[in-house]
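Because the structure is predicted, anything quoted here is derived from the model rather than measured. Counting convention: from 1, in listed order, for ligands and their atoms alike.
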Amino acid sequence: MSQTVTQWQNQAAVKDRLSRPLRDLRISVIDRCNYRCPYCMPAELYDNHKFLPRGHWLTPGEIKRVASVFLQLGVRKLRLTGGEPLLRRDIVDIVAGLAELNGADDIAITTNGSRLAEHAAALKQAGLSRVTVSLDSLDPDVFKAMNGGRGEVSAVLAGIDAARKAGFPIKLNTVVERGKNDHTLLDLVDHFRGTGVIVRFIEFMDVGTVNGWQPQQVVPSKELLERLRARWALSPVDGNYRGEVAKRYAFDDGQGEIGFISSVSEPFCGNCNRARLSADGTVYTCLFASSGADLRGPLRSGASDSDLVGLLQNIWRNRMDRYSEIRGRLLEHKPEGTEKSERVEMYRMGG
Ligand code: SAM
Ligand code: SF4
Ligand code: SF4
């Protein structure tokens, strides 16, 4: 018998070994991308890379089914990501499928924005709730240095505009790399201040194995906040919910807010309630995981919903991940960088 919305909402979330509930599912729908951001998918390694064959991607129906199982376990927020999710030709079908499910408070997407202008209205109509656009600089040269020389700032700005016109709440993700884009961030804030678009700065992270991360490339959020405060008066805003990763600050003159995601300088593993599903149906319980659990196999060989619930419950109940909290200690012993030969790349598991 199908459950009512109230039954779904009252359902307790499964908890991991550190008592963290499962609340958030990031669904990577594709591992390919039209950008080559050096911090994620450097061109020299990925221009001839063999990405997943299309037949390995979960179909819109399979994504919907897996999401419905996660919703039964307590998930309330769904986010589509990748790779670049708007490269999937059936992205609108994927959103429409998820929008039919009971229990999700929110369906969001993270995109590089290059194809957002053409898709924004259809995504809104399909039931998408929110959009996060990644944009590292408004300076055309710095923009290209941050994304491997692809695309145009103007296309991303047109995408943001189209998303606003379609009625989406919009946030920006801005990765901050010392000496590369940090001199252009005041301009970025200035541009979006007062528009309702919330800029969130993300500390450059040591995800995956190929981005050559060095601790000195990170601009700690506190340092960036001080630089911004030299220009604008900003006051902290309380978090919206447990597990919110961004620390928020509002402009005292009422012109909106900005956020900081400080995974390196202020890890937030204690509240981490996220699972990740890759395009080929592998489930990961941490962004820094070296392996995951296959769901596509069971899905395609006739597993029932209760089989899938049992499998995922087991995975989450055994979860102990807290990599970012441990990273600080690892760096004390090996300051040139952390051990990473085994990590799954972020574009594969979904950022
Ligand atoms: N292609 C889409 C995009 O760029 O928005 C979605 C996937 S991308 C992997 C998701 C987010 O991860 C983006 O906002 C991106 O900037 C961020 N990201 C990728 N590599 C990162 C790194 N090394 N450190 C911090 N953030 C990173
Ligand atoms: Fe593509 Fe996003 Fe990775 Fe950049 S961060 S290469 S846009 S998947
Ligand atoms: Fe969550 Fe892993 Fe990131 Fe910690 S390091 S916040 S456990 S994804």
Identify whether the distance between the nearest side-chain nitrogen and carboxylate oxygen of [X] and [Y] falls below 4.0 Å.
X: Arg150; Y: Asp47; value: yes
X: Asp294; Y: Arg296; value: no
X: Lys247; Y: Glu266; value: yes
X: Arg248; Y: Asp238; value: no
X: Asp182; Y: Arg227; value: yes
X: Asp253; Y: Arg193; value: yes

task: Side-chain contact test, heavy atoms from C-beta onward, threshold under 4.5 Å: evaluate it for Tyr39 versus Met146 and give yes or no.
output: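 The answer is yes, as the side chains (C-beta and beyond) meet within the 4.5 Å cut-off.
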
Give the atom numbers and elements of ligand 3 that come within less than 4.0 Å of a heavy atom of [X].
X: Ser324; result: 5 (S)
X: Tyr323; result: 5 (S)
X: Phe288; result: 5 (S)
X: Phe268; result: 6 (S)
X: Leu287; result: 2 (Fe), 8 (S)

message: Hydrophobic cluster membership, with links at side-chain heavy-atom distances under 4.5 Å among I/L/V/M/F/W/Y: are Trp232 and Ile198 in one?
response: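 Hydrophobic grouping puts Trp232 apart from Ile198.
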
Considering only protein heavy atoms, which is closest to [atom], and at what distance to one decimal place?
atom: atom 4 (Fe) of ligand 3; value: Cys269 SG, 2.3 Å
atom: atom 3 (C) of ligand 1; value: Ser134 OG, 3.3 Å
atom: atom 7 (S) of ligand 3; value: Asp321 O, 3.5 Å
atom: atom 17 (C) of ligand 1; value: Met346 CE, 3.9 Å
atom: atom 26 (N) of ligand 1; value: Val175 CG2, 3.4 Å
atom: atom 24 (N) of ligand 1; value: Met205 N, 2.9 Å
atom: atom 3 (Fe) of ligand 2; value: Cys40 SG, 2.4 Å
atom: atom 2 (Fe) of ligand 3; value: Cys286 SG, 2.3 Å
atom: atom 10 (C) of ligand 1; value: Gly351 CA, 3.8 Å
atom: atom 21 (C) of ligand 1; value: Tyr39 CD1, 3.6 Å
atom: atom 1 (Fe) of ligand 3; value: Cys272 SG, 2.4 Å

query: Once the angle between the rings of Tyr323 and Phe288 is folded into 0 to 90°, is it parallel (under 30°), tilted (30 to 60°) or perpendicular (over 60°)?
result: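 The rings of Tyr323 and Phe288 lie parallel, inter-plane angle below 30°.
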
field: Cys33 backbone or side-chain N/O/S under 2.8 Å from atom 1 (Fe) of ligand 2
entry: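 It does: Cys33 brings an N, O or S atom closer than 2.8 Å to atom 1 (Fe) of ligand 2.
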
May I ask you to check whether over 12 heavy atoms, not counting those of [X], lie within 6.0 Å of atom [atom1]?
X: Asp252; atom1: CG; value: yes
X: Glu118; atom1: CD; value: yes
X: Arg89; atom1: CZ; value: no

- request: Quick one: do Arg164 and Thr195 satisfy side-chain hydrogen bond (donor to acceptor under 3.5 Å, both in side chains)? Show the steps, please.
  value: CA-CA 10 Å; Arg164 277 166 67 186; Thr195 66; 4.6 Å; no

- prompt: Does at least one non-hydrogen atom of Gly83 fall below 4.0 angstrom from an atom of ligand 2?
  reply: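 The answer is yes, since Gly83 has a heavy atom less than 4.0 Å from ligand 2.
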
- prompt: Are the side chain of Arg327 and the backbone of Ser263 linked by a donor-acceptor contact shorter than 3.5 Å?
  reply: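 Looks like yes, one N/O pair under 3.5 Å.
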
task: Write down the atom of Val75, the atom of Asp24, and the distance for their closest heavy-atom approach.
output: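 Nearest heavy atoms, Val75 then Asp24: CG2-N, 4.1 Å.
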
Can you find an N/O atom of [X] closer than 3.5 Å to an N/O atom of ligand 1?
X: Asp136; answer: no
X: Asn173; answer: yes
X: Glu84; answer: yes

query: So, Arg20 and Asn273: side-chain donor and acceptor under 3.5 Å apart, yes or no?
result: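 On atom types as modelled, these side chains do not qualify, holding no pair under 3.5 Å.
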
message: Less than 4.0 Å is my threshold; does some heavy atom of Gly83 fall inside it relative to ligand 1?
response: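 It does; at least one heavy atom falls under 4.0 Å.
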
If the cut-off is 4.0 Å to any non-hydrogen atom of [X], which atoms of ligand 1 fall inside it?
X: Thr81; result: 6 (C), 7 (C)
X: Gly82; result: 7 (C), 9 (C)
X: Asn112; result: 2 (C), 3 (C), 5 (O)
X: Ile202; result: 25 (C), 26 (N)

- request: Using a 4.0 Å heavy-atom cut-off, say whether Asn211 meets ligand 1 through its side chain, its backbone, both or neither.
  value: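 For Asn211, the contact with ligand 1 is made by the side chain alone.
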
Atoms in ligand 2 flagged as close to Asn112, the criterion being non-hydrogen separation under 4.0 Å: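 Reading through ligand 2 atom by atom, the close ones are 7 (S).
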
message: Under 4.0 Å from a heavy atom of Cys37: which atoms of ligand 2 are those, numbered in the order shown and with their elements?
response: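 Ligand 2 atoms under the 4.0 Å threshold to Cys37: 4 (Fe), 5 (S), 6 (S), 7 (S).
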
